[in-house]
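One structure is given below, encoded as structure tokens.
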Amino acid sequence: MTTVSHLKALQALEMAMREGSLKAAAERLGITPAAVGQRIKTLENYLGKDLLMRGRSGLVPTAELAPAQDDLRLSFEALERVTETLNFQGMSELHIVTEPDLSELWLLPRLAAFRQSNPDILFCINGAGDVPLRIGTPDIRITYDDGRGEPLFRDLFVPVTGPDNTRRIADWDQQMPMEGMPLLHLTAHRERADMPGWVEWFGQFGQRKKGPQRGVHYKNARLALEAVRANVGFLVCGLSLVLEDLAKGTIVLPFAVSQHMVAPHPYRLSVRPEAENRPQVARFLRWLRSEAEVTQRQLQDMACSIQRQRLP
């Protein structure tokens, strides 16, 4: 292992201990839980010993790691302070951690236009981008939760499908047009109570009686929407994630937008205090808030529309 690899592995190890889980550590570091686990596993293989084990309250250090636990924690706390004091990240770098689906399907497609007019700003988003992931707190964090961050916009959950599938339900049971239709799900629908899916949608709007939980589950919306575009089935997802597809006609709404579920939480913005006054950060935040306002207006306008889409 190189010095940099050692440092990243130790960072993942320390964050996993601090947070008590790989998932929580991944959210803090802006990488996937699998990447956190792989970094720790690589370090364990290198040292030839286990470093973490699962306790009643989460991940805890093994007997081999316990003597170094305090030093490891204090070292990374000191590194974070040094990073903030010396501004290692550079005045032109922005480090962002956000919900993966929002990043891939909402932020990154819009970011291209911002980058054209701001070529001096370099990005690291969820651990990838123009510059490598740095140690320490990200400049900007966008979460989907009931936390204290500044609300950006609140999404709507709606059914979506490929254009050809509207013909299937048009000629189907008029009372239960979704009965027997292939359903697609996101893994989050069964893992998170604040991510409503087909079970909740059918419970609110009907259209089907049997098997609302049946179908293929996808780990992220990008993969699920690829299947939707190929007319594989029907998916419930955030309306903000498919606005561009709807405009192109590659994805359609099989039911009126008025048959939506309001997201339990808004997307929230948090900014590292030391970064907020940097000109590049301020410039990006003005743009981000403007884009969020546009999206919120689009969602509100569509939600107020009661005109049902025509089925062929």
Side-chain angles (χ1 to χ4, degrees), residues 8 11 26-32 79-156 220-222 238-248 263 265-302:
K8 288 184 176 180
Q11 181 191 32
E27 291 176 354
R28 290 289 305 276
L29 295 174
I31 56 179
T32 65
L79 278 173
E80 289 184 5
R81 290 195 298 271
V82 171
T83 298
E84 294 174 357
T85 301
L86 298 183
N87 196 15
F88 280 161
Q89 73 271 20
M91 294 299 292
S92 64
E93 296 179 10
L94 267 68
H95 288 250
I96 302 172
V97 172
T98 184
E99 295 285 334
D101 285 344
L102 185 74
S103 173
E104 291 187 352
L105 299 171
W106 185 85
L107 179 58
L108 288 177
R110 290 164 173 77
L111 191 62
F114 176 83
R115 291 168 68 98
Q116 284 185 347
S117 56
N118 297 273
D120 59 316
I121 300 179
L122 304 178
F123 290 88
C124 178
I125 301 176
N126 289 348
D130 307 314
V131 291
L133 177 69
R134 71 158 189 262
I135 296 172
T137 307
D139 299 311
I140 293 169
R141 188 184 296 274
I142 303 174
T143 58
Y144 170 77
D145 56 32
D146 57 353
R148 298 181 179 180
E150 168 193 342
L152 283 175
F153 66 88
R154 190 181 291 265
D155 215 342
L156 308 177
N220 60 53
R222 176 180 57 81
L239 184 56
S240 70
L241 306 182
V242 296
L243 291 174
E244 185 176 351
D245 274 292
L246 292 174
K248 293 178 179 178
H265 314 304
Y267 288 108
R268 295 182 182 276
L269 169 68
S270 300
V271 185
R272 185 168 62 90
E274 294 81 1
E276 195 162 8
N277 294 325
R278 284 165 43 199
Q280 290 86 349
V281 175
R283 199 186 318 163
F284 175 77
L285 289 175
R286 285 195 297 270
W287 172 83
L288 179 66
R289 289 174 175 126
S290 175
E291 290 294 319
E293 289 177 4
V294 170
T295 297
Q296 188 68 80
R297 286 197 299 270
Q298 287 179 292
L299 298 178
Q300 289 173 344
D301 290 345
M302 295 178 73

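No experiment lies behind these values; they were computed from the predicted model shown. Positions are given from 1 along the sequence.
Residues that satisfy the side-chain hydrogen bond (donor to acceptor under 3.5 Å, both in side chains) test with Asn220, not counting sequence neighbours, are absent from this structure. Applying the side chain to side chain contact (heavy atoms under 4.5 Å, CB included) test to Arg297 and every residue at least two apart in sequence or in another chain returns Glu293, Val294. The ring-ring contact (aromatic ring centres under 6.0 Å, His included) test applied to Phe123 returns Phe284, not counting sequence neighbours.
To the nearest 0.5 angstrom, Tyr267 atom OH is 11.5 Å from Gln296 atom CD. Separation of atoms CD (Glu291) and CG (Leu107) is listed at 9.5 Å; rounding is to 0.5 Å. Between atom CD1 of residue Ile140 and atom CG of residue Leu285 there is a gap of 4.5 Å, rounded to the nearest 0.5 Å. The NE2 atom of His265 sits 7.0 Å away from atom CG of Asp145, with the distance rounded to the nearest 0.5 Å. Interatomic distance, Leu94 CG to Arg278 CZ, rounded to the nearest 0.5 Å: 5.5 Å. Separation of atoms CG (Asp101) and CG (Leu241) is listed at 6.0 Å; rounding is to 0.5 Å.
With contacts defined as side-chain heavy-atom distances shorter than 4.5 Å, the pair Val281/Arg272 does not qualify. Residues Leu288 and Ile142 have side chains in contact (heavy-atom distance under 4.5 Å, counting atoms from C-beta outward). Proximity of Leu246 to Gln298: side-chain heavy atoms (C-beta onward) are nowhere separated by under 4.5 Å. Put simply, the side chain of Ser103 reaches to within 4.5 Å of the side chain of Leu108, judged on heavy atoms. Between Arg110 and Glu244 the shortest side-chain heavy-atom distance does not fall below 4.5 Å.
The minimum heavy-atom distance between Gly149 and Ser270, with the atom names listed, is CA-OG, 3.8 Å. Of all the heavy atoms in Asn126 and Pro100, the pair that sits closest is ND2-CA, 4.0 Å.
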* Asked: Should Thr295 and Trp106 be marked as a side chain to side chain contact (heavy atoms under 4.5 Å, CB included) after you check the CA-CA gap, both sets of side-chain angles, and the distance that decides it?
  -> CA-CA 10 Å; Thr295 297; Trp106 185 85; 2.9 Å; yes
* Starting from the C-alpha separation in whole Å, work towards a yes-or-no answer on side chain to side chain contact (heavy atoms under 4.5 Å, CB included) for Phe114 and Ile121. => CA-CA 10 Å; Phe114 176 83; Ile121 300 179; 3.9 Å; yes
* **Verdict with reasoning, Leu299 to Arg154, per side chain to side chain contact (heavy atoms under 4.5 Å, CB included)** => CA-CA 9 Å; Leu299 298 178; Arg154 190 181 291 265; over 6 Å; no
* Asked: Can you list the steps and then say if Glu274 with Thr137 is a side chain to side chain contact (heavy atoms under 4.5 Å, CB included)?
  -> CA-CA 10 Å; Glu274 294 81 1; Thr137 307; over 6 Å; no
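Under the 3.5 Å distance criterion, the side-chain polar atoms of Asp139 are left unmatched by any main-chain donor or acceptor of Ala275. Counting only distance, with no hydrogens or angles, the side chain of Asp155 and the backbone of Ala263 share no donor-acceptor pair below 3.5 Å.
Paired with Glu150 under the rule salt bridge (Lys or Arg N to Asp or Glu O under 4.0 Å), one option of Arg289, Arg268, Arg141 passes, and it is Arg289.
Counting only N and O atoms by type, the side chains of Asp120 and Ser92 include no donor and acceptor under 3.5 Å apart.
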